[in-house]
Structure formats: C-alpha cells, structure tokens
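Taking it in order: structure first as structure tokens, then the write-up.
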Amino acid sequence: MDETEFWELIDATREAAEGDAEDQADLLVDRLMQLDPERVVDFARHFESRYNRSYTWDLWGAAAILLSGASDDAFDYFRCWLIGRGREVFEGGVHDPDHLAELLGDFDEEVDGDGEDLGYAADEAYEQLTGAEIPDLGLPDQPAEPLGSPFDPEDEAALAERFPRLWERFRE
C-alpha cells in the first residue's frame with residue numbers, strides 16, 4: 001500500500017461516516033478486512049508513522065486549545081483524529097498547528113478531536129483476518145518527549161501567544 005492509497009482509505013471512510021470518528025473507525029475496519037493481511041500491516045505502518053511524526057509540542061498546544069486542555073491520552077487520541085481528517089488537514093496541522101484555525105470547519109470538543117478507535121482499526125482488522133496480533137511494524141519508537149520547543153500546554157497566555165489564530169477562533 002502506498003501513501004496515496006492510505007489517504008484514499010482515510011478520505012473514503014471519513015466521507016462515508018460524515019466526519020464521525022467512531023463510525024469512520026468501523027468503516028475503516030470493514031474496508032481493511034477486504035485487503036490481504038500484508039496490506040493491512042502496510043496501512044498500519046503509514047498510520048503509525050504519521051502518528052509518531054505528529055508528536056510535537058506545538059501540536060499538543062493546538063490540541064489543548066481545541067479541547068480546552070489535553071492530557072497525554074487526549075493528545076494521543078487527538079493525533080489519531082487529525083490523521084482521520086485527511087492529508088491536507090493532517091499535513092497542514094503538523095507543519096503549522098496554528099493553521100488549523102483555517103483548515104478545520106466547525107469544531108465541537110464534545111464530538112471532535114477524539115480518534116482513539118481510528119488508532120486501533122488496523123490492529124482490529126488484522127486480528128479478525130488472521131486470528132493473530134499485528135506484527136511489529138519495524139518503525140522507530142515514538143520519541144520519549146514531543147519534538148520541538150517545550151512549553152506548558154496548560155499556560156493559556158503561552159497558548160494565546162503561540163497560536164493566535166487558533167486562540168482567537170476557538171477560545172475567545
């Protein structure tokens with residue numbers, strides 16, 4: 001599976017689920033189960049690679065604004081959700097988290113921002129196909145600390161200064 005096919009699966013399931021991350025995860029499992037197990041592993045590699053790349057202080061700050069605070073787990077689920085939004089939103093958000101102010105439509109922190117189930121879709125599909133756990137993906141582990149310049153994502157003044165567009169749109 002190449003990168004284009006990965007994003008096509010993400011986009012097709014998001015559109016069919018009308019943006020609902022839980023429904024998208026269910027649809028993604030269904031679609032992945034139509035593939036051979038090795039392609040499911042390829043999908044998992046693409047997902048995990050993006051998940052690890054999005055482990056940055058700046059993206060954590062953006063998540064804190066959008067979610068009115070973001071614990072470790074909430075940030076993990078946010079990163080899965082961000083991948084589920086598709087290539088443009090994901091890449092734009094990783095490159096410049098403040099740009100999410102323009103990339104995201106409406107954002108309801110009660111519904112949006114939690115893609116936990118998306119993070120398990122490949123594992124679930126692989127297990128249903130093979131009866132076994134997905135093998136090691138052969139990727140480097142996520143860094144011990146987020147990449148970039150550390151700051152306190154609970155410091156509202158720092159968030160407002162660092163992400164002015166997001167702060168203005170989603171917090172003021």
Side-chain angles (χ1 to χ4, degrees), residues 1-60 62-64 66-67 69-95 97 100 103-105 107-148 153:
M1 173 175 298
D2 65 16
E3 184 176 12
T4 299
E5 187 177 2
F6 168 81
W7 286 117
E8 286 172 352
L9 275 169
I10 293 290
D11 291 342
T13 55
R14 182 188 66 257
E15 290 166 11
E18 298 178 354
D20 181 284
E22 286 182 25
D23 291 346
Q24 181 182 5
D26 292 339
L27 291 167
L28 191 52
V29 170
D30 292 343
R31 293 282 301 272
L32 290 170
M33 287 181 54
Q34 296 171 21
L35 305 175
D36 66 75
E38 190 52 44
R39 292 185 67 212
V40 175
V41 173
D42 288 343
F43 177 91
R45 278 189 197 102
H46 282 288
F47 195 97
E48 190 75 13
S49 173
R50 280 146 190 84
Y51 178 79
N52 289 345
R53 188 162 61 95
S54 64
Y55 192 51
T56 68
W57 283 108
D58 282 347
L59 201 55
W60 199 332
L66 290 164
L67 300 171
S71 66
D72 292 357
D73 288 343
F75 180 48
D76 290 346
Y77 306 153
F78 176 83
R79 290 159 44 215
C80 292
W81 175 85
L82 192 65
I83 295 166
R85 296 305 86 199
R87 186 178 200 165
E88 179 183 357
V89 173
F90 175 78
E91 294 292 345
V94 169
H95 177 71
L100 288 171
L103 292 171
L104 296 176
F107 187 91
D108 180 349
E109 68 184 76
E110 297 295 320
V111 178
D112 297 317
D114 182 351
E116 178 181 10
D117 294 340
L118 289 168
Y120 297 113
D123 299 279
E124 186 176 328
Y126 188 88
E127 190 168 327
Q128 288 186 36
L129 283 169
T130 67
E133 289 186 11
I134 201 163
D136 182 76
L137 300 176
L139 296 172
D141 289 336
Q142 172 177 281
E145 290 291 319
L147 301 174

Checklist entry - In Å and rounded to the nearest 0.5 Å, what is the CD1 to CD distance from I83 to E48? => result 8.5 Å
Checklist outcome for this item: Closest non-hydrogen contact found for D112 with L67 is O-CD2, 3.9 Å
Can you give me every donor-acceptor pair (side chain of residues 70-77, partner residue at least two apart or in another chain, under 3.5 Å) with its distance?
from, atom 1, to, atom 2, distance (Å)
S71, OG, A74, N, 3.1
D76, OD1, Y51, OH, 3.2
D76, OD1, R79, NH1, 2.9
Y77, OH, E116, OE2, 3.3

Item to check | For D58, all residues meeting salt bridge (charged side-chain N to carboxylate O under 4.0 Å, His left out), sequence neighbours excluded | outcome: R162
Checklist entry - How far apart are the closest heavy atoms of D42 and R45, and which atoms are they? => result OD1-NH1, 2.9 Å
Checklist entry - Is it true that the NZ or CZ of R50 lies under 6.0 Å from the centre of F6's six-membered ring and within 45 degrees of the ring axis? => result yes
Checklist entry - Under the side-chain contact (heavy atoms from CB on, under 4.5 Å) criterion, do E127 and I134 qualify, and how do the steps go? => result CA-CA 7 Å; E127 190 168 327; I134 201 163; over 6 Å; no
Checklist entry - Listed by chain and number, what are the side chain to side chain donor-acceptor pair (under 3.5 Å) partners of E109, not counting sequence neighbours? => result S68
Checklist entry - Atom CG of L66 and atom CG of L104: how far apart are they, to the nearest 0.5 Å? => result 6.0 Å
Checklist entry - Given side chains that start at C-beta, do those of P153 and W57 come closer than 4.5 Å, heavy atoms only? => result yes
Next on the checklist: Donor-acceptor check, side chain of H46 to backbone of M1, threshold 3.5 angstrom: yes or no?
Outcome noted: yes
Checklist entry - Considering residues at least two apart in sequence or located in another chain, which fulfil the side chain to side chain contact (heavy atoms under 4.5 Å, CB included) criterion with P143? => result Y55, L147
Checklist entry - Which atoms form the tightest heavy-atom contact between A21 and G115, and what is the distance? => result CB-CA, 4.3 Å
Item to check | Taking every non-hydrogen atom, the tightest pair across T56 and P146 | outcome: C-CB, 3.7 Å
Next on the checklist: If the condition is ring pair (Phe, Tyr, Trp, His ring centres under 6.0 Å), which residues does F107 pass it with, not counting sequence neighbours?
Outcome noted: W81
Checklist entry - How long is the span from the CG atom in N52 to the CG atom in D141, to the nearest 0.5 Å? => result 8.0 Å
Checklist entry - Can you list the residues that meet the side chain to side chain donor-acceptor pair (under 3.5 Å) rule with D11, with sequence neighbours excluded? => result R14
Checklist entry - Out of curiosity, T4 OG1 to L9 CG, how far, rounded to the nearest 0.5 Å? => result 11.5 Å
Next on the checklist: The criterion is side chain to side chain contact (heavy atoms under 4.5 Å, CB included); which residues satisfy it with D136, sequence neighbours excluded?
Outcome noted: none
Item to check | Pairwise distance CD(Q24) to CG(L118) - rounded to 0.5 angstrom | outcome: 4.5 Å
Item to check | Closest approach of G93 to L59 (non-hydrogen atoms, all atoms of both residues) | outcome: O-CD1, 3.6 Å
Item to check | Heavy-atom pair with the smallest gap, counting every atom of Y126 and A132 | outcome: CD2-O, 3.4 Å
Checklist outcome for this item: ring pair (Phe, Tyr, Trp, His ring centres under 6.0 Å) filter on F47, not counting sequence neighbours, yields none
Next on the checklist: Does anything in residues 17-36 form a ring-ring contact (aromatic ring centres under 6.0 Å, His included)? List the pairs, not counting sequence neighbours.
Outcome noted: none
Check: residues 27-38 side-chain donor-acceptor pairs under 3.5 Å, at least two apart:
from, atom 1, to, atom 2, distance (Å)
D36, OD1, E38, N, 3.0
D36, OD1, R39, N, 3.1

Next on the checklist: Evaluate L103 against F90 for side-chain contact (heavy atoms from CB on, under 4.5 Å), listing each step before the verdict.
Outcome noted: CA-CA 9 Å; L103 292 171; F90 175 78; over 6 Å; no
Checklist entry - Pairs in or reaching into residues 17-28: which pass salt bridge (charged side-chain N to carboxylate O under 4.0 Å, His left out), with residues at least two apart or in two chains? => result none
Next on the checklist: Once side chain to side chain contact (heavy atoms under 4.5 Å, CB included) is applied, do any residues pair with R87, and if so which ones, sequence neighbours excluded?
Outcome noted: E3, W7, E91
Checklist entry - Atom CZ in F78, atom OG in S54: separation rounded to 0.5 Å? => result 9.0 Å
